[in-house]
Engineer: 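Handing you this structure, nothing more for now.
This chain uses plain numbering: 1 for the first residue, then up along the sequence.
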Amino acid sequence: MGCVCSQDDPAQEANVKNTEKPEAAKNNPKQNGASKPADGTEAKMPKPLAFAVMRNCHEAIRDGLKECDAAVVEGDMKALAGAYGDLARCIATHMKFEDNGFFPFLNERFDNALEKAGITGDESVHVKDEKLQEELKEVLKGEDKEAIVAKYREWKEYHIDHLKQEEKNAMPLMPQFGKSVKGDPLAMGRAFNENVLSKPGNADDLPWFAGYCCHMLSKYGSQKQDGYTAMRVFAHGLQWGTTPEQWKTVLPEIKKNVPAEMWDRLVKQVDIEADGKIVNKAAGAPAETKMPKPLAFAVMRNCHEAIRDGLKECDAAVEADDMKALASAYGDLARCIATHMKFEDNGFFPFLNERFDNALEKAGITGDESVHVRDEKLQEELKEVLKGEDKEAIVAKYREWKEYHIDHLKQEEKNAMPLMPQFGKSVKGDPLAMGRAFNENVLSKPGNADDLPWFAGYCCHMLSKYGSQKQDGYTAMRVFAHGLQWGTTPEQWKTVLPEIKKNVPAEMWDRLVKQVDIEADGKIVV
């Protein structure tokens, strides 16, 4: 492998004189494991972060640029071609990881955030980067040093900006995903394996790629980490994001590409020689962490979030000055709200009033002057103006109703939702007991389930597309769908399941099947 070299190789020496890069590793007191405790002990095992492979690869790329810069300083175009060749091979795998896995994973969960930022799409940073690399490869075939250096510097400047753009827009999303799985390293590792390494072609050059990144990181470190730490974060994360079979191919490449002392530290600190941690379903383990607890009454709460998401579609139509689109988006949203309010008026609210001393009646949530009475009146007025063509009147009435409806949701959340944990305690948190209560007191009431399949499909579509105030799209949708499965009879669930399947992205459906066995029967046997 081209990247294996001694710690006193010529390229390393050239770095001392390099004016195009940060100070060389030998002049940096943080490098080469300087942070190891004086007594030779290690702290407890650091938390493995599989997706740190993506971030620390950026640092390995920056380190590879240092080797290229050293060749430029020496005027050695052959050395530049060699250093760039290895770096380009690393970048090719990294960009496959991004294009075929990591970026779609983030776009799906975060409302196409990277598409909107220009990181993905027809005019993405990768398109321009690949064009500049092709031009660099072409000039490297010749002997015009000035042309080679000029093209290398042009590409390098763009590539550094490319890295910064990705770090600005993609990396801040990962802590949000981490929160959605409660920081579970195994859940994050499974997500990395399923969404990055398991995509066709992505892992073809994985062993070499891992060896190169670990070599560069151990030699130069990162912008904020010494050599050992930067390399350990990458290697340990990769161990927790690979299957045992993948890890067996990677481990020897890492071992031969880092200094022996650092290898010994890896073994002692993070048990790097243990198996890769991801056991796929075919080998007998689930593809997700243990099944989350189903909460049937979460259907009520997450429907509020689906309604907020439906309002976003209405708002988009208003902003586009498209009253036809507003009428359509509002029509679907009104249909969802009609079923949800039936659930509340004919089941959920009486259920809570009976158990909690008419708490909702006292708060004005139910009764003759309830929030629903006023809301329905405003909706009738909105439907009436939508029949006409007075845009100002339509938008004004929509905004009046929307403002009231958001306040209506907040009042219910303030007064009704805090009662549910108390009911949960009364049944010792038993998901089946809560599911039976939901079915008996909500779904089984006359007329409540008439539009249930469409309602479930709409809510799951909106939640998967926009998420909730506190959950990403997959999680918000999963909480709703899984809760409904545990609150429906097998007969009811059979009518609902196809609507959910056709209204969520295929990848999310596959995750539902693997994580919560969503295709199993509804759980309530009457």
Engineer: Is there a donor-acceptor contact under 3.5 Å from the side chain of N302 to the main chain of A476?
Structural biologist: yes
Engineer: Measuring from atom CD of Q223 to atom CD of Q225, what distance do you get when rounded to the nearest 0.5 angstrom?
Structural biologist: 10.0 Å
Engineer: side-chain hydrogen bond (donor to acceptor under 3.5 Å, both in side chains) with Y466: which of R308, H461, E305, E313?
Structural biologist: E313
Engineer: List the residues meeting salt bridge (charged side-chain N to carboxylate O under 4.0 Å, His left out) with K312, not counting sequence neighbours, and say none if there are none.
Structural biologist: D309
Engineer: Give a yes-or-no answer on whether the side chains of H162 and E166 include a donor-acceptor pair shorter than 3.5 Å.
Structural biologist: yes
Engineer: Are the side chains of L512 and E519 in touch, meaning some heavy atoms are under 4.5 Å apart?
Structural biologist: no
Engineer: Has the side chain of T242 got a donor or acceptor atom that lies under 3.5 Å from a matching backbone atom of L238?
Structural biologist: yes
Engineer: When you measure from the side chain of N169 to the backbone N and O of A117, does any donor-acceptor pair fall under 3.5 Å?
Structural biologist: no
Engineer: Which is it for D472 and K179 under the salt bridge (charged side-chain N to carboxylate O under 4.0 Å, His left out) test, yes or no, and what are the steps along the way?
Structural biologist: CA-CA 10 Å; D472 64 82; K179 287 180 183 177; over 6 Å; no
Engineer: Only counting residues at least two apart or in another chain, list the ones meeting side chain to side chain contact (heavy atoms under 4.5 Å, CB included) with P244.
Structural biologist: D275
Engineer: Supply the atom-to-atom distance M462 CE to M477 CE, rounded to the nearest 0.5 angstrom.
Structural biologist: 14.0 Å
Engineer: So L497 and I518, do their side chains get closer than 4.5 Å, heavy atoms only?
Structural biologist: yes
Engineer: Is there side-chain contact between I500 and W509, with heavy atoms separated by less than 4.5 Å?
Structural biologist: yes
Engineer: Can you tell me if E403 has over 12 outside heavy atoms packed within less than 6.0 Å of its CD?
Structural biologist: no
Engineer: With no hydrogens and no angle check, is any side-chain donor or acceptor of D184 less than 3.5 Å from a backbone partner on L186?
Structural biologist: yes
Engineer: Step by step, would you call N193 with T243 a side-chain hydrogen bond (donor to acceptor under 3.5 Å, both in side chains)?
Structural biologist: CA-CA 8 Å; N193 193 273; T243 65; 5.3 Å; no
Engineer: Got a salt bridge between E507 and R511, using NZ or NE/NH1/NH2 to carboxylate O under 4.0 Å?
Structural biologist: no
Engineer: Which side chain to side chain donor-acceptor pair (under 3.5 Å) pairs, counting each pair once, include a residue from residues 315-325, with sequence neighbours left out?
Structural biologist: D315-Y398, D315-K402, D321-K391
Engineer: Specify whether F209 and H94 have parallel, tilted or perpendicular ring planes, treating 30° as the upper limit for parallel and 60° as the lower limit for perpendicular.
Structural biologist: parallel
Engineer: What orientation do W240 and H236 show, parallel under 30°, tilted 30 to 60°, or perpendicular over 60°?
Structural biologist: perpendicular
Engineer: For A147, is there any backbone N or O sitting under 3.5 Å from a side-chain donor or acceptor partner on D144?
Structural biologist: yes
Engineer: For residues L333 and C314, report the shortest heavy-atom separation together with the two atoms involved.
Structural biologist: CD2-SG, 4.1 Å
Engineer: Measuring from I394:CD1 to M323:CE, what's the distance to the nearest 0.5 Å?
Structural biologist: 6.0 Å
Engineer: Identify, with sequence neighbours excluded, every residue that meets salt bridge (charged side-chain N to carboxylate O under 4.0 Å, His left out) alongside K293.
Structural biologist: none
Engineer: Donor-acceptor pair, K96 side chain versus G201 backbone, under 3.5 Å?
Structural biologist: yes
Engineer: Restricting to non-hydrogen atoms, name the atom on V516 and the atom on P292 that form the minimum distance, rounded to 0.1 Å.
Structural biologist: CG1-CD, 3.8 Å
Engineer: For C460, is there any backbone N or O sitting under 3.5 Å from a side-chain donor or acceptor partner on S464?
Structural biologist: yes
Engineer: Determine the minimum heavy-atom distance between N100 and K199, stating which atoms define it.
Structural biologist: O-CG, 3.0 Å
Engineer: Under the side-chain contact (heavy atoms from CB on, under 4.5 Å) criterion, do L206 and L197 qualify, and how do the steps go?
Structural biologist: CA-CA 9 Å; L206 181 62; L197 292 187; 4.2 Å; yes
Engineer: Ignoring hydrogens, what is the shortest heavy-atom contact between F103 and L114? Give both atom names and the distance.
Structural biologist: CD2-CD1, 3.4 Å
Engineer: Restricting to non-hydrogen atoms, name the atom on G211 and the atom on N257 that form the minimum distance, rounded to 0.1 Å.
Structural biologist: O-CB, 3.3 Å
Engineer: Rounded to the nearest 0.5 Å, what separates atom CZ in R190 from atom OG in S198?
Structural biologist: 12.5 Å
Engineer: Between E130 and M95, does the side-chain contact (heavy atoms from CB on, under 4.5 Å) criterion hold? Intermediate values first, please.
Structural biologist: CA-CA 10 Å; E130 287 169 343; M95 281 168 45; 3.4 Å; yes
Engineer: Mind checking whether V125 and T120 have side chains closer than 4.5 Å, heavy atoms only?
Structural biologist: no
Engineer: Run the side-chain contact (heavy atoms from CB on, under 4.5 Å) test on K219 and V258 for me, step by step, so that the C-alpha distance in whole Å, both residues' side-chain angles and the decisive distance to 0.1 Å come before the verdict.
Structural biologist: CA-CA 8 Å; K219 187 174 180 180; V258 303; over 6 Å; no
Engineer: Distance from N112 atom CG to N107 atom CG, nearest 0.5 Å?
Structural biologist: 4.5 Å
Engineer: Apply the ring-ring contact (aromatic ring centres under 6.0 Å, His included) test between F177 and each candidate in F102, F192, F110, F105; give the one that qualifies.
Structural biologist: F105
Engineer: Any non-hydrogen side-chain atom of V181 less than 4.5 Å from a side-chain atom of M188?
Structural biologist: yes
Engineer: Considering all heavy atoms of both residues, which atom of E167 and which atom of P172 are nearest to each other, and what is their separation?
Structural biologist: O-CD, 3.2 Å
Engineer: Classify the ring geometry of Y84 against W155: parallel below 30°, tilted from 30° to 60°, perpendicular beyond 60°.
Structural biologist: perpendicular
Engineer: Using the test salt bridge (charged side-chain N to carboxylate O under 4.0 Å, His left out), find all partners of K501 that sit at least two apart in sequence or belong to another chain.
Structural biologist: none
Engineer: Can you tell me how far the OG atom of S124 sits from the CD atom of E98, to the nearest 0.5 Å?
Structural biologist: 10.0 Å
Engineer: Checking E154 now: which residues fulfil side chain to side chain contact (heavy atoms under 4.5 Å, CB included) with it, not counting sequence neighbours?
Structural biologist: L132, K151
Engineer: Less than 4.5 Å apart, side chain to side chain, heavy atoms only: is that true for E108 and M508?
Structural biologist: yes
Engineer: Just do the side-chain contact (heavy atoms from CB on, under 4.5 Å) check on L463 and Y474 with the steps written out, would you?
Structural biologist: CA-CA 8 Å; L463 292 167; Y474 171 74; over 6 Å; no
Engineer: With no hydrogens and no angle check, do the side chains of Q133 and D129 hold a donor and an acceptor under 3.5 Å apart?
Structural biologist: yes
Engineer: So do the side chains of K137 and K141 get within less than 4.5 Å of each other, counting heavy atoms only?
Structural biologist: no
Engineer: Is there a side-chain contact between C90 and I61 in this structure, where contact means two heavy atoms from C-beta onward sitting under 4.5 Å apart?
Structural biologist: yes
Engineer: Is the closest side-chain donor-acceptor distance between Q485 and D517 under 3.5 Å?
Structural biologist: no
